[in-house]
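Protein chains get the first letters and strands the later ones, always in sequence-line order, with residue 1 at the start of each.
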Amino acid sequence: MIRLHNTKTRRKEAFVPLDPANVRMYLCGPTVYDRAHLGNARPVVVFDVLYRLLRHVYGADHVTYVRNFTDVDDKINATALARQQAGAPGSLEELIRERTEETIGWYHADMDALGALRPSVEPRATDYIAQMIAMIEGLIAGGHAYAKDGHVLFRVRSYKAYGALSGRSVDDMIAGARVEVAPFKEDPMDFVLWKPSDDELPGWDSPWGRGRPGWHIECSAMSYELLGASFDIHAGGIDLQFPHHENEIAQSCCAHPEGGFAQVWLHNEMLQVEGKKMSKSLGNFFTVRDLLDQGIPGEVIRFVFLQTHYGKPMDWTAEKAQVARNHLRRWWELLGPVEYHSVSKNVPSEVLNPVSNDLDTPGALAALFQLEKAGRFEEFASGAKFLGLLNSNEKRAEILSSKSLSDALNSKIEGIVRIWIEHRRNKNWEVADSLKTAMREIGIELVALKDNRSDWKHVDPDELDDSRQSSLEASLDELLRRFR
RNA sequence: GGCGGGUUGGCGGAGAGGUUACGCAGCGGAUUGCAAAUCCGUGAAGACCGGUUCGAUUCCGGUACCCGCCUCCA
């Protein structure tokens with residue numbers, strides 16, 4: 001039995017799908033204006049685990065997972081406009097498409113690196129403009145929205161349950177006085193469904209003139225088109241709970257009163273970096289790609305994410321990444337390449353039970369340690385695979401091989417390692433040790449393993465910049481000559 | 001000001017009203033040419049004040065501190 005903490009009821013509840021033959025979940029996806037930062041990756045990994053769990057329980061063909069791309073956004077517009085003014089050919093809409101294609105490609109590459117499965121459907125907001133307009137027309141017809149000065153606004157007072165998800169009342173929020181007051185609003189809490197576009201902004205023809213949709217309507221329109229008026233799970237970061245999700249509920253429930261919209265709401269807590277909120281002003285802002293480029297494998301990032309329950313704030317630290325890498329290294333050495341993995345047929349209950357219990361991934365990882373210690377390697381491998389770990393040789397290579405060096409450098413280092421092994425085998429301890437010392441001086445630690453095998457690692461991986469790499473190559477050539 | 005979440009051993013981090021979380025580090029041992037790695041073993045906790053209970057770190061109330069959201073940042 002799956003149990004999930006439903007934000008809507010603030011309780012952990014047994015999960016009962018509306019239709020076990022088609023379990024439906026929707027995750028608010030990225031705004032595709034730039035590389036995804038690390039915080040963007042947390043819901044992707046967290047709800048990837050949920051997706052895997054649902055597929056396991058209900059069958060892979062019986063789960064529909066929708067994650068949208070928001071490709072209408074002022075930051076995208078700014079980039080496209082800058083390109084057009086720089087002389088790029090094409091309409092603004094085409095340039096926006098170009099920019100978002102590029103960003104979506106990055107997003108896929110980065111999330112793939114984290115071992116996240118692609119959703120069943122990844123709709124783009126700009127492909128659903130007509131459906132958004134239709135939904136807005138329905139809201140106007142039902143008295144839930146009104147047009148004014150080229151804008152269309154949602155009439156918050158027309159939806160009695162507004163605020164139920166986030167536990168707020170409209171009156172309290174107005175008392176808080178942090179709402180935008182605009183002349184075209186009947187009520188300060190009303191929010192935009194449609195807004196006018198001038199010539200420098202992308203726009204679509206609508207009954208209210210050329211314009212573009214507000215932020216919230218896209219998710220309502222796309223979830224309705226792809227999942228229906230009622231579906232099972234709606235997920236996203238806790239920062240979206242208000243206003244985004246609250247507004248989605250208001251729009252969808254007013255436009256489709258016959259449906260219940262999402263049955264279960266899941267929200268992941270925020271990510272921090274070394275104990276502080278990640279922000280550009282604090283200088284601790286980085287993207288997934290930044291970490292990958294630093295030689296931190298995606299599997300390490302995934303492992304670190306899984307160590308903290310999704311409902312709690314997660315602190316990303318360099319130390320955690322290092323510890324995670326050590327575990328993964330040991331596990332990959334234990335199991336060998338994927339083709340040698342002996343995987344038990346069933347996911348062990350020690351792993352499945354905590355994941356079923358509101359996605360307790362830390363508990364599931366703890367179970368992996370237990371299975372490892374108990375020598376139950378087939379179940380261990382099965383459990384790891386279920387969590388999206390230890391399942392591809394590409395990722396194995398990222399963990400075991402090192403570490404963002406060129407092939408040429410890697411093969412030179414391997415050459416040194418072979419020489420070192422030879423000296424050790426012949427018990428030329430003095431020669432072997434002086435080679436080891438020389439290597440340490442250029443930043444590489446030689447390590448002996450069992451059975452005359454050996455390995456190497458960087459003394460301090462953070463110090464490997466490009467200039468360092470070229471001097472490294474010269475040093476390696478020198479050592480290869482001296483110790484041949 | 002409004003709403004929500006958190007406070008666990010040296011550190012990270014879970015579940016469960018009563019029985020070992022788990023990991024890292026530490027300590028003891030094995031192994032090793034030295035070292036690393038690995039393996040075995042091991043001590044250590046539940047912010048504070050009350051309440052419910054035979055029994056609470058786990059439920060309830062309060063205090064302190066921290067954090068998030070209310071600014072189209074997941």
| field | Integer angstrom distance from the C1' of C39(B) to that of C66(B) | value | 41 Å
| query | Are OP1 or OP2 of C67(B) and a side-chain N or O of K312(A) less than 4.0 angstrom apart? | reply | no
| F231(A) and F261(A) aromatic centres sub-6.0 Å | yes
| said: Using atom P in both nucleotides, what's the gap between C65(B) and C24(B) to the nearest angstrom? | reply: 37 Å
| said: Please report the distance separating the C1' of G9(B) from the corresponding atom of G61(B), rounded so that it comes out in whole Å. | reply: 27 Å
| said: For a quick test of reading the model, state the closest non-hydrogen atom pair linking A384(A) to L368(A) and the distance between them. | reply: N-CD2, 3.6 Å
| Residue whose closest nucleotide on RNA chain B lies nearer the 5' end, R10(A) versus M314(A) | R10(A)
| Taking the same atom, P, in U42(B) and in G23(B), what whole-Å distance lies between them? | 12 Å
| request: Would you indicate what K436(A) reaches in the nucleic acid, counting non-hydrogen atoms under 4.0 angstrom: base, sugar-phosphate, or nothing? | output: base
| query | Do H108(A) and F69(A) have ring centres separated by under 6.0 Å? | reply | yes
| note | RNA chain B nearest-nucleotide lookup for Q241(A) and E430(A): closer to the 5′ end is Q241(A)
| query | So, the side chain of Q241(A) versus the backbone of L165(A): is there a donor-acceptor pair under 3.5 Å, distance only? | reply | yes
| C1' spacing across the pair C11(B) / C54(B), given as an integer number of angstrom | 37 Å
| message | Both atom distances under 3.5 Å, Watson-Crick or G-U wobble: I'd like the secondary structure of RNA chain B as a dot-bracket string, with | for pairs made across strands. | response | (((((((..(((.....[...))).(((((.......)))))....(((((..]....))))))))))))....
| Between P of G33(B) and CG of N426(A), the distance in whole Å | 15 Å
| message | Test of understanding: with side-chain contact (heavy atoms from CB on, under 4.5 Å), list the residues that count as partners of S120(A), not counting sequence neighbours. | response | Y51(A), T64(A), Y65(A)
| query | Is the NZ atom of K320(A) crowded by more than 12 outside heavy atoms at less than 6.0 Å? | reply | yes
| task | Just jot down the side-chain contact (heavy atoms from CB on, under 4.5 Å) partners of K312(A), sequence neighbours excluded, or say none. | result | T308(A)
| side-chain contact (heavy atoms from CB on, under 4.5 Å) partners for A145(A), two or more places apart | L139(A), I140(A), V152(A), L193(A)
| query | Within 45 degrees of the axis of the six-membered ring of W420(A) and under 6.0 Å from its centre: does R424(A) put its NZ or CZ there? | reply | yes
| When only distance counts, do a donor and an acceptor, one from the side chain of D433(A) and one from the base of G33(B), lie under 3.5 Å apart? | yes
| request: Starting at CZ of R289(A), measure out to CH2 of W106(A) and round the result to the nearest 0.5 Å. | output: 10.5 Å
| remark: Per-nucleotide protein contact along nucleotides 18-25 of chain B, 5' to 3', at a 4.0 Å heavy-atom cut-off (B base, S sugar-phosphate only, - neither), is ---BSSS-
| request: Determine yes or no for a side-chain-to-main-chain donor-acceptor pair under 3.5 angstrom, with H151(A) supplying the side chain and D149(A) the backbone. | output: yes
Dump every N/O contact between nucleotides 72-74 of chain B and the protein below 3.5 Å, one line per pair.
{"unit_1": "C72(B)", "atom_1": "N3", "unit_2": "K195(A)", "atom_2": "NZ", "d": "3.0"}
{"unit_1": "C72(B)", "atom_1": "N4", "unit_2": "K195(A)", "atom_2": "NZ", "d": "2.2"}
{"unit_1": "C73(B)", "atom_1": "OP2", "unit_2": "K75(A)", "atom_2": "NZ", "d": "2.9"}
{"unit_1": "A74(B)", "atom_1": "O2'", "unit_2": "G237(A)", "atom_2": "N", "d": "2.6"}
{"unit_1": "A74(B)", "atom_1": "O2'", "unit_2": "D239(A)", "atom_2": "OD1", "d": "3.2"}
{"unit_1": "A74(B)", "atom_1": "N7", "unit_2": "H37(A)", "atom_2": "NE2", "d": "3.1"}
{"unit_1": "A74(B)", "atom_1": "N1", "unit_2": "L271(A)", "atom_2": "N", "d": "3.1"}
{"unit_1": "A74(B)", "atom_1": "N3", "unit_2": "G39(A)", "atom_2": "O", "d": "3.4"}

| field | Nearest-angstrom distance, P atom, G15(B) to C73(B) | value | 31 Å
| field | K8(A) side chain vs A262(A) backbone, donor-acceptor pair below 3.5 Å | value | yes
| message | Give me the distance, rounded to whole Å, that separates C49(B) from G28(B) when you measure between the C1' atoms they each carry. | response | 41 Å
| task | Using the P atom on both, measure A14(B) against G51(B) and round to a whole Å. | result | 31 Å
